[in-house]
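See structure below.
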2 protein chains.
Amino acid sequence: MSVTIHQVAAEAGVSPSTVSNVLNGRSERMLPQTRERVEEAIARLGYRPNGPARQLRTGRSQALGLVVPSVANPFWGTFARHLEAAALQAGYRVLLCNSERDPARERDYLEELWADGIRGVVLCSSLPSLEHVLPLVERGLTLIAFDRTAQAGDPPSLVNISVDNAVGTELATRHLLQLGHRRLALVSGSLHSVNRRARLRGFEAALEEFGLTAADAVVWSGTADHDPAAHGYGDLDFPDLGRSAARELLATGRPPTAIVAINDMCALGIIAGARDAGLQVGTDLSVVGFDDIVLADLATPPLTTVRQPVPAMADAAFAHLRAGIERAGNGGAPGGSLLLRPELVVRSSTGPAPAP
Amino acid sequence: MSVTIHQVAAEAGVSPSTVSNVLNGRSERMLPQTRERVEEAIARLGYRPNGPARQLRTGRSQALGLVVPSVANPFWGTFARHLEAAALQAGYRVLLCNSERDPARERDYLEELWADGIRGVVLCSSLPSLEHVLPLVERGLTLIAFDRTAQAGDPPSLVNISVDNAVGTELATRHLLQLGHRRLALVSGSLHSVNRRARLRGFEAALEEFGLTAADAVVWSGTADHDPAAHGYGDLDFPDLGRSAARELLATGRPPTAIVAINDMCALGIIAGARDAGLQVGTDLSVVGFDDIVLADLATPPLTTVRQPVPAMADAAFAHLRAGIERAGNGGAPGGSLLLRPELVVRSSTGPAPAP
DNA sequence: GTGAAAGCGCTAACAG
DNA sequence: CTGTTAGCGCTTTCAC
């Protein structure tokens with residue numbers, strides 16, 4: 001079938017263990033010429049080590065897991081690409097899984113990845129509780145929680161990586177407030193998620209700074225019907241969420257003049273909804289997104305949004321994952337949250353508040 | 001470490017091979033009660049078979065490879081999600097790789113996947129020649145080429161799955177012609193790809209039907225600077241390509257009144273470019289895309305586009321892949337191209353030709 | 001400095 | 001019907 005280490009050994013006139021030593025960088029234990037002969041034989045035969053065999057023997061895998069809500073959302077696609085790039089550079093591969101935000105799928109995937117010998121996973125889940133995957137962590141899985149911050153019930157060693165969501169919406173909301181808007185809305189969808197609640201806090205904090213109260217703003221969290229988490233279509237419902245929200249909010253007696261969206265997909269939906277209602281986004285209505293997906297800049301009007309530093313977050317996730325795997329069992333990993341600072345990118349979907 | 005088949009056997013009071021038989025669905029060879037005892041033991045111990053060991057023994061892997069240009073393009077993200085869904089249902093996992101349209105990366109990935117025991121891969125590459133991966137196919141890799149049609153130099157067994165690109169642009173172009181447009185442009189980017197050339201053919205065919213010649217239309221294929229294939233940023237340059245094209249085309253003396261874009265990302269770029277130039281898309285200028293990504297409907301104006309039947313294509317890709325793997329060596333696979341019919345989705349980015 | 005041997009967890013003949 | 005056995009390809013002590 002495929003060429004094995006034995007054939008390489010025969011070709012080079014050495015034993016399999018010598019070949020193995022070459023493969024694993026233990027070349028100081030042999031004559032340079034021996035090493036050369038082996039390397040030639042490898043090249044000549046086009047030998048590549050058999051992954052599964054290696055893994056069976058060592059227990060280690062060269063692959064990492066990445067569980068995202070859905071790669072159909074460009075934000076996750078972009079993150080996946082950056083994580084893959086970081087991993088690749090260090091000789092790791094990334095196995096990608098779409099959870100559709102379903103905890104059962106999250107758990108099943110982690111179980112499978114574990115059974116496949118994968119010992120490190122980035123889980124993108126902003127569920128408040130991670131107890132559904134706790135058993136895996138106890139068995140020794142290195143888990144990085146992405147897009148989430150530490151919670152009281154977490155395993156002590158858990159590393160969380162996220163953008164600073166509260167700072168993000170605070171930046172966004174302040175921007176709107178500085179433009180003179182006084183009737184604001186936050187379109188959030190269900191608030192059963194750590195990061196959405198943080199975004200809500202940032203929104204409220206900014207209002208407070210400007211002396212406004214909860215009564216001056218509306219938080220549109222939708223109904224179960226609009227909640228992407230509820231019916232498991234992954235992230236593809238955010239646009240619908242935004243569109244419905246815009247329809248409802250704009251039909252009220254005193255509609256908001258500015259809307260903070262929970263993410264860019266949702267913001268795009270809001271823009272579509274505003275257009276349906278005959279409003280001009282950027283003048284009649286201001287909209288801010290969150291994420292800065294590729295298409296934010298291409299929207300009409302180009303979307304003002306809170307940029308997540310995706311490359312830096314991916315690098316950090318990989319670095320922690322790797323450290324966790326390579327420490328493996330030597331215990332003593334200090335868990336916690338890493339919150340990266342977002343940046344407000346002002347484009348044209350926001351503008352001065354229209355005269356009352 | 002983890003629980004093995006031996007412990008399950010001991011727990012159930014049977015031999016490992018009986019457990020293995022249960023695991024592999026050969027339960028007709030044993031008493032129902034034996035099977036039950038084994039299943040209880042499995043559940044009680046929380047046993048999961050060790051993937052690598054299984055794979056080493058059988059040579060088969062429960063994973064498939066998917067190599068896409070870049071998941072940061074929602075089209076590929078969506079395709080990946082659908083393929084994953086189809087695979088999952090049949091008990092397969094999908095290993096996702098981003099090639100950034102670089103043939104060397106395509107080859108390296110396939111080599112690695114092969115070494116990891118993966119015997120079936122969907123390669124999304126529209127390069128005219130697949131010789132860089134031919135050795136793998138000769139070794140027995142089941143390869144499905146996606147987004148590409150058969151070429152003379154292909155291995156005879158190669159299965160190609162693609163939308164019918166020529167029909168797609170023909171549909172799009174006819175639509176524009178029927179709306180009265182007579183000065184058209186195709187923004188294609190580099191034509192070194194099978195599917196883009198097919199799209200060009202469809203464009204020309206429609207012109208011909210309406211009695212127009214090549215002189216009535218311009219094909220904007222950009223410069224190397226604008227070619228996503230050339231500098232390996234994956235698919236993220238398509239918007240730039242479109243934007244540059246719009247800028248240049250609209251600055252000419254007799255600008256086109258309608259543009260066919262090579263894909264939706266590019267169309268979005270064109271819309272942005274038209275906006276930069278102060279034109280109203282849908283009235284002053286009509287734009288048609290290709291793919292129907294999630295965001296096409298959310299664009300301003302909503303994008304008229306050629307929809308690729310992604311779920312059906314993903315199902316077909318998986319079915320062929322599986323057939324190829326399971327046939328494995330029994331030879332006799334009949335290669336060829338499967339072209340699925342696209343559908344024109346008319347939204348508001350196209351409208352009647354403006355009066356001259 | 002190099003080789004022989006054992007075995008990772010599992011499957012599939014083949015015996016019993 | 002169930003158990004015994006012999007590896008899959010590789011790494012890693014431990015001898016030489």
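In what follows, chains are A, B, ... by sequence order, proteins preceding strands, each numbered from 1.
Under 4.0 angstrom from either OP1 or OP2 of dG3(C) there lies at least one side-chain N or O belonging to Thr18(A). Put simply, Thr34(B) has no side-chain N or O that comes within less than 4.0 Å of OP1 or OP2 on dC1(D). Look at Arg60(B) and you'll find a side-chain N or O under 4.0 angstrom from OP1 or OP2 of dA12(C).
Rounded to whole angstrom, the span from the CZ atom of Arg54(A) across to the P atom of dC10(C) amounts to 21 Å. Following rounding to the nearest Å, Ile42(A) (CD1) and dC10(D) (P) show an atom-to-atom distance of 10 Å. The separation between Arg57(B) atom CZ and dG9(D) atom P is 10 Å, rounded to whole Å. The distance from atom NE2 of His6(A) to atom P of dC10(D) is 8 Å, rounded to the nearest whole Å. Between Asn21(B) atom CG and dT2(D) atom C1' the separation is 9 Å, expressed in whole Å. At whole-Å resolution of the value, CZ in Arg26(B) and C1' in dG3(D) are 15 Å apart. In this structure, Asp116(A) atom CG and dC8(C) atom P are separated by 20 Å, rounded to whole Å. If you take CZ of Arg48(B) and P of dG9(C), they are 17 Å apart, rounded to a whole angstrom.
Atom CD of Glu40(B) has more than 12 neighbouring heavy atoms from other residues, nucleotides or ligands inside a 6.0 Å radius. In Arg60(A), the CZ atom is not crowded: 12 or fewer heavy atoms of neighbouring residues, nucleotides or ligands sit closer than 6.0 Å. Counting non-hydrogen atoms of neighbouring residues, nucleotides and ligands closer than 6.0 angstrom, the CZ atom of Arg105(B) exceeds 12 such neighbours. Within a 6.0 Å radius of CZ in Arg44(A), other residues, nucleotides and ligands contribute more than 12 heavy atoms.
Comparing dT2(C), dG9(C), dT2(D) against the side chain of Met30(B) picks out dT2(D) as the nearest.
Counting any heavy atom pair closer than 4.0 Å across all strands shown, Ser17(A) reaches a base atom. Within 4.0 Å of Leu56(B), counting heavy atoms only, lies at least one base atom of the nucleic acid. Looking at heavy-atom distances under 4.0 Å, Pro49(A) makes contact with sugar-phosphate atoms alone, never a base. At the heavy-atom level, Asn24(A) lies under 4.0 Å from the strands shown only through sugar-phosphate atoms. Using a 4.0 Å heavy-atom distance criterion, Arg35(B) is classed as making no nucleic acid contact.
Put simply, the side chain of Glu84(A) gets close to the backbone of Asn98(B): a donor and an acceptor are under 3.5 Å apart.
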